[in-house]
Every structure is written in structure tokens, then in C-alpha cells.
**Q** 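The structure under discussion is supplied below as C-alpha cells; questions concerning it will follow.
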Amino acid sequence: MGGREPTAAHREPRRFDPGWPVRPAIQGADPGARLPHALRGTGARRWYWGGAFSLLWITTFFGEILRADRSAVVNVMGMAVLLVFAAAFLVAAPLTWSMGMAGRLGVCATLFALSFTLVPWIGLSIVGLWTYVGVIVGMAVLPWRMTWVILLCLSGGALGATVIAAGEWDDSLLFLPAIVLSISMMMAAFARNLAAINQLRETQDTVAELAAERERSRVARDIHDILGHSLTVITVKAELAGRLIDVDRDRARTEIAEVEHLARGALADVRTTVHGFRGVSISGELVAARAALDAAGIAAEIPGATDQVPAERRELAGWVVREAVTNVIRHSGAAHCRIRLDARGIEVVDDGCGPGAGDGAGSGIAGLRERVEASGARMTVGRADARGGFRVRVGW
């Protein structure tokens with residue numbers, strides 16, 4: 001009643017976030033991780049809750065320590081060692097997530113060695129603590145083969161210790177080793193699932209960054225093509241109007257009106273380019289090229305029909321005309337420019353100064369080459385043999 005439900009266009013996208021900074025050991029240590037943060041992060045706190053719940057089983061060892069006929073001081077020492085083991089178990093998993101391979105193996109080995117400090121109090125019953133060691137091995141996200149080897153050795157050791165403690169074989173002795181192996185493998189699968197989700201999110205972020213960069217490049221290239229062409233023509237027409245203002249005021253007014261028209265068209269093109277909706281036609285670009293070349297005092301040889309250009313190549317041909325003619329007006333010093341069209345490609349040739357050492361490396365030609373190659377066509381630039389000027393050829 002009070003407020004409206006946000007529409008689909010305004011809702012924030014929901015992304016699954018496990019909140020566990022689990023990463024495979026083969027990726028190495030996390031360069032951005034810091035020890036205090038690793039133990040206080042969201043993933044660590046979530047682990048503490050689950051780990052603390054699993055430690056309820058460890059309370060059975062307190063009773064085993066107290067049942068022994070020892071002094072109170074010795075029993076308190078045993079319970080303190082058991083609490084140290086529990087604390088080490090809780091911090092072990094968050095530590096491994098920020099470490100490399102050697103560090104993770106070191107944490108697992110340390111927890112395993114710490115279990116033996118309880119031998120004076122509970123003897124071979126320490127194998128009951130190896131379930132916790134196996135869980136940390138699983139959460140460390142070591143390579144699968146290494147994980148299997150370690151957990152099989154751990155459960156095999158648990159089986160051997162229980163047989164020694166029992167003094168004879170009984171099928172029930174398989175219960176504890178089976179628990180060690182099954183729970184540890186379950187946690188290993190759980191950790192790998194979290195790691196895979198995190199890797200997927202990193203990949204999605206990378207793809208999003210690449211897409212944004214590609215879109216920025218597209219916008220920059222299109223704006224260069226639009227403004228480079230339009231501003232060149234505007235400059236030429238403005239200079240012409242300046243020369244005519246005292247000689248032929250009516251023609252000067254006409255040129256100024258065309259400058260205004262071109263400026264408005266360029267602004268509209270920029271707006272539509274930013275939104276990704278702009279298209280270019282070869283027929284429209286040929287008309288614009290004739291007007292621009294005439295204003296620059298360059299004789300133009302331009303085809304009157306575009307029917308021979310394949311429909312799927314007309315936009316690309318328009319871009320070629322726009323960029324090539326812009327270069328002719330800006331850089332060539334040419335007196336004549338010829339544009340040829342056929343079913344196999346487009347060619348723009350002038351009789352100007354020809355290619356220099358840096359030609360073909362500018363952002364205009366580079367952007368045009370990217371556009372041409374992205375469409376599957378081929379572009380060549382170089383000296384025009386017959387006219388001695390510059391030639392741009394695009395074939396498809």
C-alpha cells in the first residue's frame with residue numbers, strides 16, 4: 001500500500017555470492033590477502049560458526065581426559081592442549097585460503113602434529129581428532145590427486161591405530177577410518193564448489209571489463225570518425241566563408257548555413273553513436289564526400305550508383321569513404337580524388353604527396369583497419385602507382 005514495487009528495469013541484479021574467499025592452491029598465495037583480514041573476513045566468520053558446531057564432538061575427549069587417574073593440574077593441562085587444538089582447527093581453514101601450496105601443506109601438517117601432543121592424556125584415541133585434520137586438508141583445496149593421497153594415508157593410519165589399540169581385528173574398527181575419509185572428502189568437494197564459484201565470478205568480472213573496454217574503443221573510434229570528418233569539412237567551409245564574406249556575401253551566407261547544418265549533424269551523430277544506434281550508408285557518404293571535396297577545391301571523381309556494392313558491405317564502404325576522404329582533405333594536398341566501387345571492394349585514390357613514414361599509423365586509419373578486419377574484409381594502404389598519391393583499398 002505504501003510504496004510501489006520497483007520495476008524490472010530498476011531492480012539491482014542479484015548475484016550469487018558464497019562469501020567464502022576459497023581459491024585453489026595451484027593459484028598460489030593471494031597477493032591481496034593480509035593475515036588479520038583473512039581471520040576476520042566474512043568467509044572466516046561463516047567458517048567459525050560451522051567449525052564451532054563441529055567441535056561439539058570434541059567435548060567427548062574432555063571426559064576421556066578426566067577419567068584418567070591423574071592430578072588436577074595434569075588434567076587441566078590436557079584440557080588446555082585440547083582447546084589449543086580446537087582453536088588451531090578453527091583458524092586453519094581461513095589461513096589456508098590466502099596461502100600458496102607450501103603454506104597450506106604446512107598448516108595441515110601442523111594440525112596433524114598438534115594432535116600427537118594429546119597422546120599422554122588420551123593415547124591412540126587421538127585418531128578421533130584426525131577427522132578435523134582431514135577436514136582442513138579438504139578445505140585447503142589442494143590438487144585432487146594430492147588430496148586423495150593425503151586422506152587415504154590419514155584414514156589408513158587411523159585404521160592401523162585403532163587395530164593396534166583393539167589388539168584384534170573387528171569389522172567395527174572400519175567405522176572411524178570411514179568417518180575420517182567420508183567427511184573429509186565431503187568437505188573437499190564443498191570447498192572445490194566454492195572455489196569454482198569464485199573463479200566463475202572472477203571470469204565474469206574480467207569479461208565485463210573487456211566488454212567495457214571494447215565498448216569504449218568502439219565509441220572512441222566512432223567519435224573520431226564522425227568528428228574527424230565533420231570538423232574537417234566545417235573548417236574548410238568556414239575558411240571559404242571567411243574569404244568570400246567581402247567578395248560574395250550570398251555565397252558566404254550559404255557556406256555558413258552549411259557549417260551550421262554540418263555542426264548539428266555531427267552533434268546528432270555523436271549522440272546516437274554513444275547510444276550505439278548510428279548507421280552509415282555508402283550513398284550518403286558519397287554525397288557528403290563530393291560536397292567536402294568541392295569545398296576543399298579538390299576535383300572529385302565519384303560514382304553515381306552504388307548498386308554493385310553488396311548490401312551487407314554498404315555500411316563498411318560508407319566508413320571507408322568517410323575516413324579516406326577525410327585524410328585526403330587533411331593531409332594529401334591533392335588536386336584530384338577518385339573513388340571506385342565494385343562488387344569486390346572499394347578504392348579511394350588521390351594525386352597528392354603520397355604516404356609518409358607515419359601514414360597508416362594514425363588513429364583514423366588504425367580505427368578503420370580494426371573495423372574492416374572485424375567485418376572479415378581486407379584493407380591495404382600505400383602509394384597510388386598511376387597518380388603518385390595515396391591509395392586506400394578495401395576488398396571483401
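Starting from 1, each residue takes its place in the sequence as its number.
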**Q** Could you pull out the closest heavy-atom pair between P143 and I26, with the gap in Å?
**A** CG-CG2, 4.0 Å
**Q** Go through the steps for E347 and R391 under the test side-chain contact (heavy atoms from CB on, under 4.5 Å), then give the verdict.
**A** CA-CA 7 Å; E347 182 179 74; R391 182 183 67 152; 3.1 Å; yes
**Q** Determine, using the 4.5 Å side-chain heavy-atom cutoff (strictly less than), whether L83 and L39 are members of one ILVMFWY cluster.
**A** yes
**Q** Please identify each residue that fulfils side chain to side chain donor-acceptor pair (under 3.5 Å) with S125, with sequence neighbours left out.
**A**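 So S125 forms a side chain to side chain donor-acceptor pair (under 3.5 Å) with E64.
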**Q** Test of understanding: with side chain to side chain donor-acceptor pair (under 3.5 Å), list the residues that count as partners of Q199, not counting sequence neighbours.
**A**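 Residues passing side chain to side chain donor-acceptor pair (under 3.5 Å) with Q199: none at all.
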**Q** Do any N or O atoms from the side chain of W319 and from the backbone of R314 form a donor-acceptor pair under 3.5 angstrom?
**A**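 Judged by distance alone, no pair lies under 3.5 Å.
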**Q** If we count only N and O atoms by modelled type, under 3.5 Å, do the side chains of T380 and R393 hold a donor and an acceptor together?
**A**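 R393 and T380 do not have a side-chain donor-acceptor pair below 3.5 Å.
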**Q** Which residue pairs pass the ring pair (Phe, Tyr, Trp, His ring centres under 6.0 Å) test when at least one of the two sits in residues 241-260, sequence neighbours left out?
**A** none
**Q** So, for A140 and C108, which heavy atoms are closest and what is the spacing to 0.1 Å?
**A**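 Scanning both residues completely, I find the closest heavy atoms to be CB-SG, 4.3 Å.
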**Q** Less than 4.5 Å apart, side chain to side chain, heavy atoms only: is that true for L368 and R322?
**A** no
**Q** Check whether any side-chain heavy atom of V320 sits under 4.5 Å from a side-chain heavy atom of E285, and report yes or no.
**A** no
**Q** Can you pull out every ring pair (Phe, Tyr, Trp, His ring centres under 6.0 Å) where at least one residue sits in residues 55-100? Sequence neighbours excluded, please.
**A** W20-W97, W47-F89, F89-Y132
**Q** What donor-acceptor contacts under 3.5 angstrom involve side-chain atoms of residues 290-297, with partners at least two apart or in another chain?
**A**
residue: R290; atom: NH2; partner: I302; partner atom: O; Å: 3.4

**Q** Are L341 and Q308 close enough that some pair of their side-chain heavy atoms sits under 4.5 Å apart?
**A**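 Contact flag for L341/Q308 side chains = yes.
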**Q** Do W49 and L55 belong together in a cluster built from hydrophobic side chains that touch within less than 4.5 Å?
**A**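 Hydrophobic grouping puts W49 apart from L55.
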**Q** Under a 4.5 Å side-chain heavy-atom rule over Ile, Leu, Val, Met, Phe, Trp and Tyr, are L154 and I183 clustered together?
**A**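 Same cluster.
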**Q** For I339 and V349, run side-chain contact (heavy atoms from CB on, under 4.5 Å): C-alpha distance rounded to whole Å, both residues' side-chain angles, the deciding distance at 0.1 Å, then the answer.
**A** CA-CA 7 Å; I339 301 175; V349 181; over 6 Å; no
**Q** Linking I/L/V/M/F/W/Y whenever their side-chain heavy atoms sit closer than 4.5 Å, directly or via other members, would F53 and I58 fall into one cluster?
**A** no
**Q** Does D250 have any salt bridge (Lys or Arg N to Asp or Glu O under 4.0 Å) partners at least two apart in sequence or in another chain, and if so, which?
**A** R253
**Q** side-chain hydrogen bond (donor to acceptor under 3.5 Å, both in side chains): which pairs involve residues 103-124, sequence neighbours left out?
**A** S115-W130
**Q** Is the backbone N or O of L181 less than 3.5 Å from a side-chain atom of S184, with the two atoms forming a donor-acceptor pair by type?
**A**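 Not confirmed, S184 side chain does not pair with L181 backbone.
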**Q** Under the side-chain contact (heavy atoms from CB on, under 4.5 Å) rule, what do R378 and V372 come out as? Steps first, then yes or no, please.
**A** CA-CA 6 Å; R378 302 177 307 280; V372 169; 5.7 Å; no
**Q** Might you confirm whether atom CE of M101 has over 12 heavy atoms from other residues, nucleotides or ligands at distances under 6.0 Å?
**A**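 It does: M101 CE has more than 12 such atoms within range.
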**Q** Using side-chain contact (heavy atoms from CB on, under 4.5 Å), reason through V141 and R23 one step at a time and then give a plain yes or no.
**A** CA-CA 7 Å; V141 199; R23 54 202 311 271; over 6 Å; no
**Q** In the hydrophobic cluster built from side-chain contacts under 4.5 Å, what are the other members alongside V163?
**A** L159, W169, L173, L174
**Q** Using a side-chain heavy atom cutoff under 4.5 Å and only I, L, V, M, F, W and Y, what cluster partners does I164 have?
**A** L124
**Q** Looking only at heavy atoms, what is the nearest atom pair of A317 and V309, with distance?
**A** CB-CG1, 4.3 Å
**Q** Which residues end up grouped with L240 if you chain together Ile, Leu, Val, Met, Phe, Trp and Tyr wherever their side-chain heavy atoms are less than 4.5 Å apart?
**A** L244
**Q** What's the shortest heavy-atom distance between A289 and V321, and which atoms?
**A** CB-CG1, 3.9 Å
**Q** Please report the shortest heavy-atom distance between V127 and A158, naming the atom on each side.
**A** CG1-CA, 4.1 Å
**Q** I'd like to know if the side chain of D351 reaches the main chain of C337, judged simply by a donor and an acceptor atom lying under 3.5 Å from each other, with no hydrogens or angles considered.
**A**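 No.
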**Q** Please check this pair: side chain of D350 against backbone of G389, looking for a donor-acceptor N/O pair closer than 3.5 Å.
**A** no
**Q** Just wondering, do R340 and I346 contact through their side chains at under 4.5 Å, heavy atoms?
**A** no
**Q** Over all heavy atoms of both residues, which pair between A188 and T147 is shortest? Give the atoms and the distance, please.
**A** CB-CG2, 4.2 Å
**Q** V287, V325: one ILVMFWY side-chain cluster at the under-4.5 Å cut-off?
**A** no
**Q** Decide if atom CG of L56 counts as having more than 12 heavy atoms of other residues, nucleotides or ligands within a radius under 6.0 Å.
**A** yes
**Q** Please examine the side chains of L111 and V137, heavy atoms only from C-beta on, and report whether any two atoms are closer than 4.5 Å.
**A** no
**Q** What pairs of residues pass the salt bridge (charged side-chain N to carboxylate O under 4.0 Å, His left out) test when at least one of them lies in residues 233-242, not counting sequence neighbours?
**A** K237-E255, K237-E258
**Q** Hydrophobic cluster mates of V149, side-chain heavy atoms under 4.5 angstrom, ILVMFWY only, any path?
**A**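 Reading the cluster by chain and number, V149 sits alone, since nothing else belongs.
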